[in-house]
Amino acid sequence: MAESSNGNKPVLLEVNNLKKYFPINKGFFKRVVGQVRAVDGVSFFINEGETLGLVGESGCGKTTTARCILRAVEPTAGEIRFLTNDGRTVDIATLPEEEMRFLRAEIQMIFQDPYASLNPRHNILDIVGEPLFVIQQMTNREERTERVRELLQLVGLRPEYMQRFPHAFSGGQRQRIVIARALALNPRLIVADEPVSALDVSVQAQVLNLMLDLQQKLNLTYLFVAHDLSVVKHISDRVAVMYVGKIAEISPTDELYYQPLHPYTAALMEAVPVADPRIRSAMIELEGDVPSPANPPSGCYFHPRCQFAIDICSKEAPELTELRPEHFVSCHRAQELTLEGIGEPR
Ligand code: SF4
């Protein structure tokens, strides 16, 4: 495993050159005529107890990356190294399914739509108690009920509600139930895929604060996937920005928001509301559409939309390079553009 960036906490998850290609089939014999490069060489790590935000526009590969980490889809190539509870490092990408079943207790997922992830025919006791019964083999109903009671209290819900069904709860309460179920097996890593984007803005902050609170109490590690940069800013220690299956920039949160180094990140920042209207970053327009990962452009994938593109940008793919301590960027011109004032401090 790589060394922890903060020197103290161990690296819990390390993703190296992860790729997930989906074949494009055509014709009666389903001949493979191409590949959708949903994730195309992604690398990052997360320290124990840290939150890494993974952001980007729809279709950039962030959800596929998250699903590879859970082995909900099989990675095409690359490593997903995870430090287990008993101190072993395993490669999730190649772990036999039998071992993966046990590892799933340590890695849990929270999905975007809390209603869709709760069985409407089961009450909350059965929903939150299900992983205890199925995976932890906690067959004693009283013991299970007691644990569900604890979990509901932990997420700020009244234990008396455990006989109710999902339709009796608001969106925010349902997401709390989903979180309670995710916590049932004492996971160490939680992969949260757009966990608040289906909620009202007023409720989003409550759920984010709950997640922060639980992180403190339980030393949880989060991979927080979202398209909304202001949400990610609130919860993340570091942020990775994805574009067409690749990492464009990865940096400590404050530094990324204060001075982004990649033109794409700077353009995304334009959409983030700032408290003081006099504070503006350099105006960078994001024009055109995200290219298809089935047919990405040559060189830097961002070049058809980048107002700073030069000759080399359409020919050579830039490497992800550390320009400042812990601040990596994938752009041929990042150094020089920073000096010229792109990503001017906000
Ligand atoms: Fe723009 Fe070129 Fe940098 Fe890509 S490499 S972001 S096209 S300047």
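Each ligand, and each atom within it, is numbered from 1 in the order the structure gives.
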Donor-acceptor under 3.5 Å (R324 side chain, S251 main chain): no
Taking NZ, NE, NH1 and NH2 as the nitrogens, is one of them in K19 or D40 under 4.0 Å from a carboxylate oxygen of the other? no
Without swapping roles, check the side chain of R149 against the backbone of P159 for a donor-acceptor pair under 3.5 Å. no
Nearest non-hydrogen protein atom to atom 5 (S) of ligand 1, with distance, is H332 N, 3.3 Å
Indicate yes or no for a side-chain donor-acceptor contact from S236 to the backbone of V239 under 3.5 Å, with no hydrogens or angles considered. no
Shortest protein heavy-atom distance from atom 1 (Fe) of ligand 1, along with the residue and atom involved: C306 SG, 2.3 Å
Ignoring hydrogens, just give me the one of A309, C313, A267, C300 whose non-hydrogen atom is nearest atom 2 (Fe) of ligand 1. C313
For F302 and Y243, take the angle between the two ring planes, folded into 0 to 90°, and tell me which bin it lands in: parallel under 30, tilted 30 to 60, perpendicular over 60. perpendicular
Can an N, O or S atom be found in H262 less than 2.8 Å away from atom 1 (Fe) of ligand 1? no
Go through ligand 1 atom by atom and flag the ones less than 4.0 Å from a non-hydrogen atom of H303. 7 (S)
With heavy atoms only and a cut-off of under 4.0 Å, state how P263 meets ligand 1: side chain, backbone, both or neither. side chain
Polar contact flag, side-chain donor to acceptor under 3.5 angstrom, N16-S43: no
Any idea which atoms of ligand 1 are less than 4.0 Å away from a heavy-atom of F302? 6 (S)
Please list the nearest protein heavy atom to atom 3 (Fe) of ligand 1 with its residue and the distance rounded to 0.1 Å. C331 SG, 2.3 Å
